[in-house]
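Model, not experiment: these values are computed from the prediction.
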Amino acid sequence: MGELKRTHDCYSITEESLETEVVLMGWVHRRRDHGGLIFVDLRDRKGITQVVFAPEVDEKSHQKAHSLRSEYVIAVRGRVRRRPEGMENPKIKTGMVEVACLELRILNTSKTPPFPLEEEKEVSESVRLKYRYIDLRKPHMVENLTLRHSVCQAMREFLNQHDFLEIETPMLTRSTPEGARDYLVPSRVNPGRFYALPQSPQLFKQILMISGMERYYQIVRCFRDEDLRADRQPEFTQLDMELSFVNEEGIMDLIEGLITHVFSRTLGIELNTPFPRLTYQEAMDRFGTDRPDTRFGLELVDITDIAAGCGLKVFNTIVEKGGVVRAVNAKGMADLSRKDLDVLTEFAQSFGAKGLAWVKIKEDRSWQSPIAKFFKPEEQEAVMTRLSAAPGDILFFGADSRSTVDRVLGELRLELARRRNLIPEKDFNFVWVTHFPLLEFDEDEGRFKALHHPFTAPSREDLDLLEEDPARVRSRAYDLVLNGIEIGGGSIRIHQEAVQKRVFNALNIGDEEAEEKFGFLLEALTLGAPPHGGIAFGLDRLVMLMAGRETIRDVIAFPKTQKAQCLMTRAPAHVSMAQLAELYLRPDWKQEEGQT
RNA sequence: GGGGUCGUAGUUCAGUCCGGUUAGAACGCUGGCCUGUCACGCCAGAGGUCGCGAGUUCGAGUCUCGUCGGCCCCGCCA
């Protein structure tokens, strides 16, 4: 770079800099070589500025500019000037001006990049991930990471103002029995023992409350060794928080303040508070899911009582066996073709439905449907009344166990909305879901498992059901849902040893096992534990939604593929036998190529 | 663990259903011309292990089997 010192970035060159001399450094985004005159779009993290190489301004740099290619790294000293009349480019912020080059330095050359750095051009994700450093040069990727940074800053700003301490918790910790699979790390100095990477700092933040820290937060990496999805990575980032001396209301108020601050600071969007609240029961009844997308209607309606008496055997049998019949009114969608209905049926089946019954409402309110004849006129009328059905509507029925019907109709509702573009893309609809069940019965393991985690406090009024009817105990947990995606979850925690022991019992964790795995927590609860609660936000998901992306990979600098591999570094990789031996690990898989 | 989908030039894709000449297009790339472009333009050119392996066939990008990989989903994710 010699004595050249960068004076501006490629975004901040404006008419205020006219006739001044500036030094820009960045990458050659595009070159338009007219022979006698060469234009280069110079790109840096902030933006793009057009540089003109003209022989009458500087012969030498004009000569040199012929050799410039895409992604060369250059430094340009030049004079800012107004573009000639009619030659302005309103598409870029610096489009009124240009920099006439007086001196060009090529800081580094570049081979032709493996894919174009243009937003519109779709490039397969595997190529993007292999060359992630080039992918990240794309302006929209810079925007995503910049937004992520701003969101973190706004969070810190708000929490610092509200008297929170940012405290780090260990990455090497112990494996916990409940929950997801752990990533394990062998201990060299403790042969045969393993650390686990944290699935969340849950226990440490509760201990911090018992330590009297009162308000804690951390933007922290968490690890879960489970299969990946568009919104799930093996390592992800959480805004983790915990407070003492609060109840649900206190936390939800605080979080609404936090989210409002973040949206205002980063996107300039002013959200309305308080956010709507639904109980788990309401959410399941109306949307068939505990993370409802509330940007559109198409709510579920129960017609089990009507179906029980109708002439359709399948419905009767299901109801007799304790199942339910529920329905969705797809308003004005009776124009769906036979083929559409076949596709939707297949869709429903992929979520476990046996079939998908439907009814089109004709002009005279009569039914066009394979199942019409099984419903007496008064039953048809009753169904239509309950679903507010009108001519032109089509009703979809789900009949099965409650959980299957909820899943199928919940997904069908989303699919119908997507097909008919009923979802306002720019909206941010937050909703709190509260009063989750504390436990759910796991058929495979034949025991109750915690719906959130085993440290969630049961509702006071349900406490005595813990032993007699565990399934009916509600918890003091709350989830924050944004546009149908769970972005945060938390609860008031158990702060009394006796209650914690009762919950462990309900989970079939014996005293001995509880003592062995959570002894430190149980003991801490007897040594001055304040009432406390908290919440954790999926930062990746939140930023993804704010950036309008469809996968969290687009807001993570170096994400992994569905097979949990990093295509750039090629992790995970083989290690040497010597390295394994040092860790007292003896593999019993076949020695593969690459294993030394 | 399961279902779906894709894999052809540097990139994005067509060709595969129904096997048959030298595997095409666009963008990009290379060279030449061009003083107002901004998706610059014009002319010329280079560029392919059709993911990999086996099989069927006179003949395979195309059919069959296997395998590897990307993505989406179910299960799983306290």
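B/A26 and B/G70 have their C1' atoms separated by 23 Å, with the value rounded to a whole Å. Here the separation of B/A23 from B/A60, taken at their P atoms, is 14 Å to the nearest Å. Comparing the C1' positions of B/U16 and B/G61 gives a spacing of 7 Å, expressed to the nearest Å. A gap of 13 Å separates the C1' atoms of B/G48 and B/U22, to the nearest Å. Nucleotides B/C65 and B/A25 place their C1' atoms 33 Å apart, quoted to the nearest Å. B/U12 and B/A44 have their C1' atoms separated by 24 Å, given to the nearest Å. Spacing of C1' atoms, B/C6 relative to B/A14, comes out at 15 Å, to the nearest Å. B/A46 and B/U35 have their C1' atoms separated by 30 Å, given to the nearest Å.
The residue among A/S124 and A/E56 whose nearest nucleotide of RNA chain B is located toward the 5' end is A/S124. For A/F455 and A/T561, each mapped to the nucleotide of RNA chain B holding its nearest heavy atom, the one lying further toward the 5' end belongs to A/T561.
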Less than 3.5 Å apart, which donor and acceptor atoms pair up between the side chains of residues 339-348 of chain A and the rest of the protein, not counting sequence neighbours?
| residue | atom | partner | partner atom | Å |
| --- | --- | --- | --- | --- |
| A/D340 | OD2 | A/S337 | N | 3.0 |
| A/D340 | OD2 | A/S337 | OG | 3.1 |
| A/T345 | OG1 | A/L341 | O | 2.7 |

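Candidate nucleotides B/G36, B/C34, B/U35 were compared by shortest atom distance to the side chain of A/D33, and B/C34 ranks first. The side chain of A/M87 lies closest to B/U37, out of B/U12, B/U37, B/G70.
Between A/K563 and the phosphate of B/G69, there is a side-chain N or O to OP1/OP2 separation shorter than 4.0 Å. A close approach under 4.0 Å does occur between a side-chain nitrogen or oxygen of A/R32 and OP1 or OP2 of B/C40.
Partners of A/R132 by side-chain hydrogen bond (donor to acceptor under 3.5 Å, both in side chains), not counting sequence neighbours, listed by chain and number: A/D135. Annotation: side-chain hydrogen bond (donor to acceptor under 3.5 Å, both in side chains) contacts of A/R43 (sequence neighbours excluded): A/H29, A/E71. In this structure, A/E59 has no salt bridge (charged side-chain N to carboxylate O under 4.0 Å, His left out) partners at least two apart in sequence or on a different chain.
Ring-centre distance between A/F455 and A/F518: below the 6.0 Å cut-off. When ring centroids are compared, A/F236 and A/F223 stay outside the 6.0 Å threshold.
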Check: How does protein reach along nucleotides 72-77 of chain B, written 5' to 3' as B (base within reach of a heavy atom under 4.0 Å), S (only sugar-phosphate), or - (no contact)?
Finding: BSBBBB
Check: Tell me, for nucleotides 24-32 of chain B in 5' to 3' order, what letter each nucleotide earns: B for a base near a protein heavy atom under 4.0 Å, S for only sugar-phosphate near one, - for neither?
Finding: ---S-SSS-
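Annotation for A/R82: atom CZ does not count as buried by contact number, only 12 or fewer foreign heavy atoms lying within 6.0 Å. Around atom CD of A/E513, more than 12 heavy atoms belonging to other residues, nucleotides or ligands sit under 6.0 Å away.
One cannot find a donor-acceptor pair under 3.5 Å joining the base of B/G36 and the side-chain atoms of A/E88.
Here A/H34 counts as stacked on B/C40: its ring centre is under 5.5 angstrom from the base ring centre and the planes meet at under 30°. In this structure, A/F39 forms an aromatic stack with the base of B/U37, since both conditions hold: centre separation below 5.5 Å and plane angle below 30°.
Using N1 to N3 plus N6-O4 or O6-N4 for Watson-Crick, or N1-O2 and O6-N3 for G-U wobble, each under 3.5 Å, B/A44 pairs with B/U30. Pair check for B/C71 finds B/G4; Watson-Crick or G-U wobble, both atom distances under 3.5 Å.
In this structure, CE on A/M568 lies 12.0 Å from NZ on A/K130, to the nearest 0.5 angstrom.
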